[in-house]
Q: 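The following block contains the structure, expressed as structure tokens.
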Amino acid sequence: MDKAGTTRSAGDRFYWSPLCGSPPGHLTDIETSWFSIVQKQEGHSTGLVLVRISPLPDKTEHGDKGSTFKADIIASVAFPQQDGVYQNISAEDLNELEADYNK
């Protein structure tokens, strides 16, 4: 999983690794990463969680950045039914919401 658009179903596992991707990264080159989790019910978006993963500014004994990262939940938003009807939340709406938080 190194690009946008990867989908997992409820109960599936996923992981983030700073060394995976095309091409593979090096620890000293890793910058802030983001991923989002969109909850869906009956095909409707009902929630969004936006997570930022940042390298910590720690240094190894050789002066290089270490391999420690911190995950922060930046946003956790629910889109509940209104009057028993799902809200119409499009992929574009989700992208705009993510862009607002990624500024």
Q: Tell me whether Asp93 contacts the main-chain N or O of Ser90 through its side chain, where contact means a donor paired with an acceptor under 3.5 Å.
A: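 Yes.
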Q: For Thr32 and Trp34, work out which heavy atoms get closest and say how close.
A: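 What the structure gives for the nearest pair is CG2-NE1, 3.9 Å.
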Q: Looking at every heavy atom in both Val49 and Val51, which two are closest together, and how far apart are they?
A: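 In terms of heavy atoms, the two residues are closest at CG1-CG2, 3.9 Å.
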Q: Within this structure, what is the CZ-CG distance for the pair Phe79 and Asn88, rounded to the nearest 0.5 Å?
A: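 Between atom CZ of Phe79 and atom CG of Asn88 there are 11.5 Å.
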Q: Nearest 0.5 Å please: distance from the CG atom of Leu50 over to the CG atom of Leu94.
A: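 Going from the CG atom of Leu50 to the CG atom of Leu94 covers 11.0 Å.
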Q: Is the shortest heavy-atom distance from the side chain of Ser45 to the side chain of Gln87 under 4.5 Å?
A: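 No, every pair of side-chain atoms sits at 4.5 Å or beyond.
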Q: For residues Val38 and Phe35: do they belong to one hydrophobic cluster (side chain heavy atoms under 4.5 Å, members Ile, Leu, Val, Met, Phe, Trp, Tyr)?
A: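 Val38 and Phe35: separate clusters.
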Q: If you round to the nearest 0.5 Å, how far is CD1 of Ile74 from OG of Ser36?
A: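 Interatomic distance, Ser36 OG to Ile74 CD1, rounded to 0.5 Å: 12.5 Å.
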Q: Measure the CD1-CD1 distance between Ile37 and Ile73 for me, rounded to the nearest 0.5 Å.
A: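 The CD1 atom of Ile37 sits 8.0 Å away from the CD1 atom of Ile73.
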